[in-house]
Amino acid sequence: MTTPHALSVAMLLADARLPSGGHAHSASLEPALLGGMPTDSVPAWLVGRATTVSLVEAGTAVVTARLLAGVGDFGLADVVGAWAARTPAPALRDAARLLGRGYLRLARMLWADAPAVRALVAHDAAHGPLPRAVVLGAVAAATGLPAADTVRLTVYDDAQTAASALLKLEPLDPVTPARWVLEACAAAEQHVLRVAACTTPEDIPASGAPQTEGWAQAHALLSQRLFRA
C-alpha cells in the first residue's frame, strides 16, 4: 500500500514546477509536429506513446529501483544497456541523459543520504550521465515509491510534458490537452501491473516507436526549435 510519504513523492515528481529541466523538453512532440504530424493526431500519438515508449522508461525505472533496493544479480550498466538498446536514436538518448542530470541534481539535494542516490552519484562520476528513467528508479528506491506507482508516474509525466509543450506550439484551449493526458494514462493502465512486475533488464518492454526515433534525429539537426527534444 502506498504510504503518505511515497504519495507525496509521487505528487512532487509529477508536478510540472519541479526544477529538473523538463520544461526544456517536449517528450518528442515538437519533433513529431515539425516532422509533419497534424495537430489533430496528437491524442492518438499520446496514447501510442503511453503504451510504447513510456513503458520502456517505466520498466527501466522499476528495474533500477529493484536493483538499488538490493534485489537482482546485475548492475546499473546492464540496466542502462537494456534501456539504450530500446532507445536507438542518439538524439533521444542524449536528451534523456540531460534530463537525468537534472533529476540527479534534485535527488542529491533532497535524498543525499539515501544509498540508492549515493550509488547513482558514484556511477555518474565514474561513467557519465545516467538517463532520466534510471534516476527516477533510484528516487523510487530511496523513497519507497511502489512499482505500480512508479509506472503510472512515468507515463503521466511523459504525457504531461508533451501536453505542456503543445500549448507553446499550437493555440489550444488548455483544458483540451488535459483530457488527452487522462486518456493516454487510461490507455496505459492495462499495462501497469505487467511493467511493475519487471525484475531484470531483459524484462523491460521493448515497445519502441521507430517514427519517433526518426523525427528526433531530424529535429536534432535544426537550428531553430523551442525544445531540446
Side-chain angles (χ1 to χ4, degrees), residues 13-14 16 18 20-61 83-103 131-133 136 151-192 195 204-229:
L13 295 175
L18 189 72
S20 59
H23 63 279
H25 296 259
S26 72
S28 296
L29 181 60
E30 184 179 38
L33 293 175
L34 292 178
M37 186 182 77
T39 304
D40 60 10
S41 293
V42 171
W45 178 87
L46 282 170
V47 168
R49 185 172 178 87
T51 54
T52 56
V53 177
S54 297
L55 299 183
V56 174
E57 298 287 300
T60 301
W83 166 82
R86 293 157 172 77
T87 312
L92 291 180
R93 294 199 301 270
D94 289 345
R97 290 189 172 98
L98 283 175
L99 279 174
R101 182 177 298 170
Y103 275 87
R132 165 184 165 274
L136 279 179
V151 175
R152 293 186 178 102
L153 167 67
T154 305
V155 172
Y156 169 83
D157 183 60
D158 198 50
Q160 186 59 53
T161 296
S164 297
L166 179 61
L167 296 177
K168 300 176 183 178
L169 296 166
E170 298 288 342
L172 289 174
D173 182 340
V175 173
T176 301
R179 173 166 52 84
W180 295 346
V181 169
L182 290 176
E183 291 171 351
C185 291
E189 185 63 26
Q190 63 180 309
H191 304 285
V192 167
V195 178
I204 297 171
S207 48
Q211 182 65 77
T212 293
E213 302 279 337
W215 281 333
Q217 284 302 109
H219 184 262
L221 301 176
L222 298 178
S223 59
Q224 293 183 330
R225 53 188 178 177
L226 287 180
F227 299 98
R228 177 68 176 74

Nearest heavy-atom neighbours spanning [X] and [Y]:
X      : Y      : answer
Ala85  : Pro88  : O-CD, 4.3 Å
Ala165 : His25  : CB-O, 4.4 Å
Thr154 : Glu57  : CG2-CB, 3.7 Å
Ala163 : Val181 : CB-CG2, 3.5 Å
Ala91  : Gln217 : N-OE1, 2.7 Å

Value rounded to 0.5 Å, distance of [atom1] in [X] from [atom2] in [Y]:
X      : Y      : atom1 : atom2 : answer
Leu29  : Leu166 : CG    : CG    : 5.5 Å
Ile204 : Trp83  : CD1   : CH2   : 11.0 Å
Arg132 : Leu98  : CZ    : CG    : 13.0 Å
Arg228 : Asp94  : CZ    : CG    : 6.0 Å

Query - Stepwise side chain to side chain contact (heavy atoms under 4.5 Å, CB included) check, Arg97 with Arg101 - result: CA-CA 6 Å; Arg97 290 189 172 98; Arg101 182 177 298 170; over 6 Å; no

- Query: Going by heavy atoms in the side chains, are Thr60 and Pro131 under 4.5 Å from each other?
  - Reply: no

Can you give the donor-acceptor pairs under 3.5 Å from side chains of residues 38-56 to other protein atoms, not counting sequence neighbours?
unit_1, atom_1, unit_2, atom_2, d
Arg49, NE, Ala27, O, 3.2
Arg49, NE, Asp158, OD1, 3.4
Arg49, NE, Asp158, OD2, 2.5
Arg49, NH1, Ala27, O, 3.4
Arg49, NH2, Ala27, O, 3.4
Arg49, NH2, Asp158, OD1, 3.3
Thr51, OG1, Val47, O, 2.9
Thr51, OG1, Gly48, O, 3.2
Thr52, OG1, Gly48, O, 2.6
Ser54, OG, Arg49, O, 3.3
Ser54, OG, Asp158, OD2, 2.8

With a 3.5 Å distance limit and no angle check, can you tell me whether Ser26 reaches the backbone of Ala162 through a side-chain donor-acceptor pair? no

TODO: Taking side-chain contact (heavy atoms from CB on, under 4.5 Å) as the test, write out the residues that go with Leu222, two or more places apart.
DONE: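 Here the qualifying residues are Leu34, His219.
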
Taken in chain and number order and not counting sequence neighbours, the residues that satisfy side-chain contact (heavy atoms from CB on, under 4.5 Å) with Leu226 are Glu30, Leu169

Near Arg86 CZ, under 6.0 Å, is it more than 12 heavy atoms from other residues, nucleotides or ligands?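 Result for CZ/Arg86: enclosed.
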
Is there a side chain to side chain contact (heavy atoms under 4.5 Å, CB included) between His191 and Val151 once you walk through the steps?
CA-CA 9 Å; His191 304 285; Val151 175; over 6 Å; no

Item checked: Thr161 and Phe227: CA distance, side-chain angles, deciding distance, side chain to side chain contact (heavy atoms under 4.5 Å, CB included) verdict -> CA-CA 11 Å; Thr161 296; Phe227 299 98; over 6 Å; no

